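The structure under discussion appears below in the form of structure tokens.
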Amino acid sequence: MVKLDDLGNLRRTHLSNRITDQMEGQEVVVMGRVVDVRDLGGIKFFVLHDVGGAVQVTALKTKSGEEIISKINSLTQETSVAVRGKVVKARQAPRGVEIVPSEIRILNLAQVPLPLDPMGRVKANLDTRLDARAIDLRSPQALAIFRIRNKALQASRQYLLSRGFVEVHTPKIVATATESGAALFPISYFDREAFLSQSPQLYKEVLTGALDRVFEVGPIFRAEEHDTPRHLNEAISFDIEMAYATAEDVMNTLEKMVWQAFSDVEKYCQPDLKILGHSLKVPGEHFPRITYTEAIEMVGKAGVKIPWGEDLPTPAVKKLGELVGEAYFITDWPSEIKPFYTMPKKDNPKITESFDLMYGELELASGGTRVHQPDLLVKQLREKGLNPENFESHLLSYRYGLAPHSGWGLGLDRFTMVLTGMDNVRECVLFPRDRSRLTP
Ligand code: AMO
């Protein structure tokens, strides 16, 4: 049995991608996972992968001590190791440099066989990969996806913070539904029934009464029985809400924030985009806007007939994506298919001051002007078959002067799909929750 070593006082000095041939002769300490172990007669080498990339570690049987050779002999793929050694120029090695080890510590020896090959040389289907997700996430592709997601999140946060928004956290254990179309997950809350939150909707609205401009990045839970490449039962929603603003104002905020995220990913994530083989096209700064009625007419002319007032089914949004382009807004949705909190248009209450942000056929965000008048809100709750009594604690704020406000919710997982070119949202979530998946 291989004896495991301690980390002791050994610490990493460099990530693999920081080691260059200009460091020839320098002693470094690298730490990471073993990928390839090879024995070429007198030479033994392995490739060490860390979060920066990879570096080759090479030992000569004649020169390196016996302990080092026997340690390399025992390495399995994915074992984590610490290596102290000298940097040596090596034309045949990736990036023209390798490390000749003076010490190897085996920190955790990986069992064989692995449940899957995170390097993707042995192909596995998505389900197998998700079953062993912690190992799958070690792949260069997964690292690239989550670095891009992180960059988009950072750019979006910075954009809002620089415009006076305050980041908030609202409860995820709630008493009522807000998104009538989406089903609720009930949970037991001591001696009562409660639900997992579908959206921070009413909380973010009432918070505009205190903080003026708020945003939240948090989970939303939807008990929808969908089984599609774009639906999850737990998703991350990037929500904003803004006082003294209209749908038009927050559409501008959304468009600018999304554009900024695209631009930053394009500027800073080229190595990751290259790993994914995705050539990201940054949309123009102004996204086209079409009304729901125009959308129906456009797809109708192209042969997809939809009665006015119905939601746009997949064939319709597919067609629209082809006709209108990549990032675009569909505005002025029928009241019938928008939630109770959506403001009806003054001149035609059948239509709302609302919008969806689309990317091709994918809905990325939706939002609008909200109803801030308590009487109208109660009326709309009733019209949607909801009991205003259940919303009493929220209505309080509306009764005491809550100002006009607008906002939106952007699906971060779907946004990551677009930025990374993935065609399944599960690729963009660390541990996805869908109808059949509750672990890992
Ligand atoms: P909506 O229900 O449209 O609006 O959700 C907002 C955005 O969240 C993402 N999303 C999902 N992503 C993956 N799987 C799901 N099941 C899922 N459901 C939603 C989508 C969607 O566009 N309260 C409003 C927002 C607002 O008006 O501020 C709301 O929740 O990208």
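Predicted model, so just to flag it, every value in this text is computed and none were measured. All heavy atoms count here, side chains included; hydrogens, waters and symmetry mates do not. All ligand and atom numbering here is 1-based and tracks the order in the structure.
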In short, Lys281 meets Tyr359 closest at the heavy-atom pair O-OH, 4.3 Å
So, Thr293 and Trp308: side-chain donor and acceptor under 3.5 Å apart, yes or no?
yes
Determine whether the side chains of Asn390 and Thr176 contain a donor N or O and an acceptor N or O closer than 3.5 Å.
no
N or O contact, Gln198 vs ligand 1, cut-off under 3.5 Å:
no
Protein contact to atom 1 (P) of ligand 1 [nearest heavy atom, distance to 0.1 Å]:
Ser366 OG, 3.5 Å
Heavy-atom closest pair, residues Pro339 and Lys384:
C-CE, 4.2 Å
Which protein non-hydrogen atom lies closest to atom 13 (C) of ligand 1, naming both residue and atom, and how far is it?
Arg230 O, 3.5 Å
Logged contact type for Gln201 with ligand 1, heavy-atom cut-off 4.0 Å, is side chain
Examine Phe355 together with Phe329 and report whether their ring centres are nearer than 6.0 Å.
yes
Return the residue, atom name and 0.1 Å-rounded distance of the protein heavy atom closest to atom 22 (O) of ligand 1.
Glu363 OE2, 2.5 Å
How does Arg370 reach ligand 1, by side chain, by backbone, by both or by neither, if only non-hydrogen atoms under 4.0 Å count?
side chain
Taking 4.0 angstrom as the limit and counting only heavy atoms of Lys204, give me the atoms of ligand 1 inside it, by number and element.
26 (C), 28 (O)
Please report whether ligand 1 has a polar contact with Ile220, defined as an N or O pair separated by less than 3.5 Å (distance criterion only).
no
4.0 Å heavy-atom contact, Leu364 with ligand 1
yes
Among protein heavy atoms, which lies nearest atom 15 (C) of ligand 1, and at what distance?
Leu232 O, 3.5 Å
Identify the two heavy atoms, one from Ile330 and one from Met358, that lie closest to each other, and give their separation to 0.1 Å.
CD1-CG, 3.8 Å
Which atoms of ligand 1 have any heavy atom of His231 under 4.0 Å away?
14 (N), 16 (N)
Go through ligand 1 atom by atom and flag the ones less than 4.0 Å from a non-hydrogen atom of Trp408.
26 (C), 28 (O)
Pair Phe45, Val57 - check side chain to side chain contact (heavy atoms under 4.5 Å, CB included), show working.
CA-CA 5 Å; Phe45 67 85; Val57 179; 6.0 Å; no
Check each atom of ligand 1 against the heavy atoms of Ala235 and keep those under 4.0 Å away; list them by number with element.
12 (N), 13 (C)
Among all protein heavy atoms, pick out the one at the shortest distance from atom 5 (O) of ligand 1; state its residue, atom name and that distance to 0.1 Å.
Arg222 NH2, 3.7 Å
Minimum heavy-atom distance Ile106-Ser74, with the two atoms named
CD1-OG, 3.5 Å
So if I apply the side-chain hydrogen bond (donor to acceptor under 3.5 Å, both in side chains) rule between His405 and each of His372, Arg370, Glu205, which one comes out positive?
Glu205
Is any N or O atom of Gly411, backbone or side chain, closer than 3.5 Å to an N or O atom of ligand 1?
yes
Report the part of Tyr341 in contact with ligand 1, treating N, CA, C, O as backbone and CB onward as side chain, heavy atoms under 4.0 Å; options are side chain, backbone, both, neither.
side chain
Hey, are Arg399 and Glu392 close enough for a salt bridge, meaning a charged N less than 4.0 Å from a carboxylate O?
yes
The atoms of ligand 1 lying under 4.0 Å from a heavy atom of Ser199, numbered in the order shown, are 23 (N), 30 (O)
Counting only heavy atoms not in Arg121, do more than 12 fall under 6.0 Å of its CZ?
yes
Taking atom CG as the centre, does Asn348 end up with more than 12 heavy-atom neighbours from other residues, nucleotides or ligands that are less than 6.0 angstrom away?
yes
Among protein heavy atoms, which lies nearest atom 17 (C) of ligand 1, and at what distance?
Arg414 NH2, 4.1 Å
For Glu224, the ligand 1 atoms with a heavy-atom partner under 4.0 Å come out as 16 (N)
For atom 29 (C) of ligand 1, what is the nearest protein heavy atom, given as residue, atom name and distance?
Glu179 OE1, 3.5 Å
Quick check on contacts: which atoms of ligand 1 are under 4.0 angstrom from a heavy atom of Ala365?
22 (O)
Do we see a donor-acceptor contact under 3.5 Å between the side chains of Asp249 and Thr246?
yes
So is Ser237 touching ligand 1 or not, going by heavy atoms under 4.0 Å?
no
